[in-house]
Amino acid sequence: MSKPILILNGPNLNLLGTREPEIYGATTLAQVEEMCRTEAAAHGFEISFHQSNSEAEIVGWIQDAISGAAGIIINPAAFTHTSVAILDALKMVSCPVIELHISNPHAREEFRHRSFVSLAATGTICGLGVAGYTLAVQAMANLLDPAA
Ligand code: DQA
């Protein structure tokens, strides 16, 4: 079996669906996971889907991905704008990395305009709502197997 696509979600995304729905929508993280699993399966991939409010836990999952994941899709949430530790962890992996945001951070407060994670990302999807997750899985499948 090929390695899974690792999908990581940062702080407060556990409350997706009820958290600031005018910005992030009404879909829950469990529903997002199901959308990702279905899309990945359509491309012949499995996913490993996680959320944590802890920077340390996210760094640990990225370290595990050095040998254990085909690619990483990450919505680092607020850690996008603060975490050199997540950036450094991502710099150690050789697989493709897609940075994902539900909202468009560039159209929001200035402190959201800087992303440490972008420095290690193959590409970024933002501002398209939770549909961005499905698009990210499609894009990852294409990066991993352009013929698919
Ligand atoms: C977010 C954008 C971040 O600025 C914010 O801190 C989040 C979610 C997004 O998905 O739009 O928690 O990553």
Side-chain angles (χ1 to χ4, degrees), residues 3-43 45-66 68-144:
K3 294 174 184 175
I5 297 170
L6 183 63
I7 305 179
L8 300 179
N9 295 278
N12 301 306
L13 289 170
N14 52 315
L15 295 183
L16 206 59
T18 54
R19 170 197 183 198
E20 298 184 271
E22 66 286 1
I23 297 176
Y24 300 113
T27 309
T28 66
L29 194 63
Q31 290 169 325
V32 168
E33 176 172 359
E34 207 37 55
M35 285 162 46
C36 290
R37 201 171 299 284
T38 303
E39 188 62 32
H43 295 278
F45 289 95
E46 290 190 344
I47 62 165
S48 178
F49 193 97
H50 302 280
Q51 186 278 332
S52 181
N53 296 326
S54 154
E55 186 178 25
E57 197 164 24
I58 293 170
V59 167
W61 286 326
I62 296 169
Q63 288 183 2
D64 292 344
I66 291 171
I72 300 175
I73 296 169
I74 181 166
N75 183 347
F79 292 148
T80 308
H81 319 297
T82 61
S83 180
V84 177
I86 290 177
L87 168 63
D88 284 349
L90 288 171
K91 281 183 159 176
M92 289 189 283
V93 305
S94 52
C95 64
V97 174
I98 297 178
E99 177 185 356
L100 166 67
H101 302 284
I102 298 165
S103 68
N104 178 0
H106 304 288
R108 300 179 64 191
E109 303 97 320
E110 200 168 339
F111 66 84
R112 295 185 202 274
H113 298 180
R114 179 179 68 174
S115 167
F116 287 104
V117 169
S118 285
L119 291 167
T122 311
T124 301
I125 293 173
C126 72
L128 302 177
V130 294
Y133 281 86
T134 310
L135 295 169
V137 172
Q138 280 173 19
M140 182 61 76
N142 198 259
L143 285 169
L144 295 172

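Start at 1 and go down the list; that is how both ligands and their atoms are numbered. From a predicted model like this one, the values you see are computed outputs, not experimental measurements.
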Parallel, tilted or perpendicular, as decided by the 30° and 60° cut-offs, for the rings of F49 and Y133: tilted
Nearest heavy atoms of I58 and G10, plus distance in Å: CD1-CA, 3.8 Å
Nearest-contact summary for atom 12 (O) of ligand 1 - protein heavy atom, Å: R19 NH2, 2.9 Å
Location of contacts on H101 toward ligand 1, heavy atoms closer than 4.0 Å: both
Sub-4.0 Å atoms of ligand 1 with respect to non-hydrogen atoms of H81: 3 (C), 4 (O)
Over 12 non-hydrogen atoms of neighbours within 6.0 angstrom of CZ in R19: yes
Closest protein heavy atom (residue, atom, distance) for atom 9 (C) of ligand 1: I102 N, 3.3 Å
Modelled atom types, side-chain donor and acceptor of N12 and Y24, under 3.5 Å: no
Atom CD of E110: over 12 foreign heavy atoms under 6.0 Å: no
For R112, atoms of ligand 1 separated by under 4.0 Å from a heavy atom: 3 (C), 4 (O), 5 (C), 6 (O)
Those atoms of ligand 1 less than 4.0 Å from some heavy atom in S103: 2 (C), 9 (C), 11 (O)
Shortest non-hydrogen separation from A70 to L144 and the atoms involved: O-CD2, 3.2 Å
Region of N75 engaging ligand 1 - heavy atom pairs below 4.0 Å: side chain
N or O pair under 3.5 Å between A78 and ligand 1: yes
